[in-house]
There are 2 protein chains.
Amino acid sequence: MSANSRLTIAAHALAWIGLYQRQGHEVATSEQIATSANTNPVVIRRLLGELRRAGLVESRRGVGAGWSLARGLESITLLDVYEAVEPGPLFAMHRATPDQGCVVGHGIQPAMQGIYEGIEETLRHELARVTLEKVLRDVLAAPRQPL
Amino acid sequence: MSANSRLTIAAHALAWIGLYQRQGHEVATSEQIATSANTNPVVIRRLLGELRRAGLVESRRGVGAGWSLARGLESITLLDVYEAVEPGPLFAMHRATPDQGCVVGHGIQPAMQGIYEGIEETLRHELARVTLEKVLRDVLAAPRQPL
DNA sequence: GCTGACGTAACTGTAATTGTTACAGCAGGC
DNA sequence: GCCTGCTGTAACAATTACAGTTACGTCAGC
């Protein structure tokens, strides 16, 4: 489907900020997060900007600038992140509108629309069941690399 | 997500063939289906080729060539079509592997992997609940355009 | 051998994602 | 009042996938 990594990177960033704050720091910089995620700081700032628009994080400017959580990790779900970061639907319709003179061409879009809506609703429900708190817990539960 | 229309077009093609066969015809051509879906016959042949590999349709060559269902519409589910037509996962991991020296960078991929697997399993379950028979029923239930 | 459609390669256009550079703007410290 | 470090955002390149299109070899029945 040519899936993208936006949800993954956004969850990574939130988990990173959350852990960093638990260690006593006030704000995290896009530079630090980008290093952990092995990507470019601008990519992180873009994603965090969308999360801020959704009210999940806050940013400070000036000296001592950076990013902090607007809500606790336990109150943020993957659905919140998904909706902030993925605008479009899961499945697309025909590019060109099908032949309306054909029975199938005429009825296929409303039919699939209805089916897709139900499926996306289920997906949302599943995403809503996973909090970022659980994500961080799973992250920390990963087996340590033996040196 | 940059969603594609492959599942939609494949379902369209199967519903079209199914209806056409119920009207007494033996095989449908990619040309006819492409006209209904308002796309190119090659696009249809490519998709139907994948459905054939999955055992959902059959094709004849030579004179009187075309496509026919290998199984009844009531025994084909959207999951069958989805698996035939969409190879990859729903969500992607990081492009570059994250910093393994960072706790989050190290644990994020197994954590998200596990979460994503559960979600995709639910998606599959939902897709499996919809038969192509139901799709065709919904298609035919669409309100007629008044002339 | 003629015909009509499949099977598939090859190429193009378009769009999305990601990475990257560049630079203006802000806020606190000196 | 200027310096500094980071945000905010524009702009562009590289890569990739999807969809559309053309072209042509292949097959099977007449």
J.: Between atom CZ in R53(A) and atom C1' in dG8(D), what is the gap in whole Å?
T.: 11 Å
J.: Tell me which nucleotide among dC6(C), dT7(D), dT21(D) gets nearest to the side chain of S59(B).
T.: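 Output: dC6(C).
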J.: On DNA chain D, check which nucleotide each of E86(B) and R95(B) is closest to and give me the residue with the more 5' one.
T.: R95(B)
J.: Regarding G64(B), tell me which of base, sugar-phosphate or nothing describes its non-hydrogen contacts under 4.0 Å with the strands shown.
T.: nothing
J.: For the pair made of CG in N38(A) and P in dG19(C), what is the distance, rounded to whole Å?
T.: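 Taking atom P of dG19(C) as the reference, CG of N38(A) is at 8 Å.
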J.: Considering every strand and a 4.0 Å limit on heavy-atom distances, what is the contact class for N40(A): base, sugar-phosphate, or nothing?
T.: base
J.: Whole angstroms only, please: what is the NE2-P distance between H94(A) and dA19(D)?
T.: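 About 11 Å, once rounded to whole Å.
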J.: Within the 4.0 Å heavy-atom criterion, would you say R60(A) contacts the bases, only the backbone, or no part of the nucleic acid?
T.: sugar-phosphate
J.: Do any side-chain nitrogens or oxygens of S5(B) fall under 4.0 Å of OP1 or OP2 in dA19(D)?
T.: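 Answer yes for this pair, as a side-chain N or O of S5(B) is under 4.0 Å from OP1 or OP2.
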J.: Quick test of your reading of the model: are R53(A) and E50(A) salt-bridged, counting only N-O distances below 4.0 Å?
T.: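 No, this pair does not count.
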J.: Are S30(B) and dC6(C) close enough that a side-chain N or O sits under 4.0 Å from OP1 or OP2?
T.: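 Yes, within the criterion.
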J.: Rounded to whole angstroms, how far apart are CD on Q32(A) and C1' on dC6(D)?
T.: 11 Å
J.: Using whole Å, report how far CZ of R6(A) lies from C1' of dA16(C).
T.: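 Atom CZ in R6(A) sits about 9 Å away from atom C1' in dA16(C).
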J.: Under 3.5 Å, is there a donor-acceptor pair between the H94(A) and T39(B) side chains?
T.: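 No donor-acceptor contact under 3.5 Å links the two side chains.
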J.: Hey, what's the ring geometry for F91(A) with Y82(B), parallel, tilted or perpendicular (30° and 60° as the breaks)?
T.: perpendicular
J.: Hey, which sits more toward the 5' end of DNA chain C by its nearest nucleotide, I9(A) or V42(A)?
T.: I9(A)
J.: Tell me the interatomic distance from L47(A), atom CG, to dG19(C), atom P, rounded to whole angstroms.
T.: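 Taking CG of L47(A) and P of dG19(C), I get 10 Å after rounding.
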J.: Looking only at heavy atoms, what is the nearest atom pair of N38(A) and A96(B), with distance?
T.: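 Shortest heavy-atom contact: ND2-CB, 3.3 Å.
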J.: How long is the straight-line distance from NE2 of H106(B) back to CG of D99(B), given to the nearest 0.5 Å?
T.: 10.5 Å
J.: Rounded to whole Å, how long is the line connecting atom CH2 of W67(B) with atom C1' of dG4(C)?
T.: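 Going from CH2 in W67(B) over to C1' in dG4(C) covers 15 Å.
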J.: So if I take the C1' atoms of five pairs at each end of the helix from dG1(C)-dC30(D) to dC30(C)-dG1(D) and get each local axis, what angle do the two axes make, rounded to 10 degrees?
T.: 10°
J.: Which of these passes side-chain contact (heavy atoms from CB on, under 4.5 Å) with L51(B): L56(B), I17(B), L69(B)?
T.: L56(B)
J.: Angle between ring planes, Y20(A) versus H25(A), binned at 30° and 60°: parallel, tilted or perpendicular?
T.: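 If you compare the ring of Y20(A) with that of H25(A), the planes turn out parallel.
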J.: Side chain of A65(A), heavy atoms from C-beta onward: which of dC6(D), dA5(C), dA17(D) has the nearest atom to it?
T.: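 Minimum distance to the A65(A) side chain belongs to dC6(D).
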J.: Which is more 5' along DNA chain C, the nucleotide nearest P87(A) or the one nearest R45(B)? Just name the residue.
T.: R45(B)
J.: Please figure out whether V43(B) or R61(B) has its closest DNA chain D nucleotide nearer the 5' end.
T.: V43(B)
J.: When you measure from the side-chain N and O atoms of T39(B) to the phosphate of dG20(D), is any distance below 4.0 Å, counting only OP1 and OP2?
T.: yes
J.: Can you check whether V135(A)'s main-chain N or O pairs, donor with acceptor, with D138(A)'s side chain at less than 3.5 Å?
T.: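 No; judged by distance alone, with no hydrogens or angles, the pair does not exist.
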J.: Between atom CD in E50(B) and atom C1' in dG7(C), what is the gap in whole Å?
T.: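 Going from CD in E50(B) over to C1' in dG7(C) covers 13 Å.
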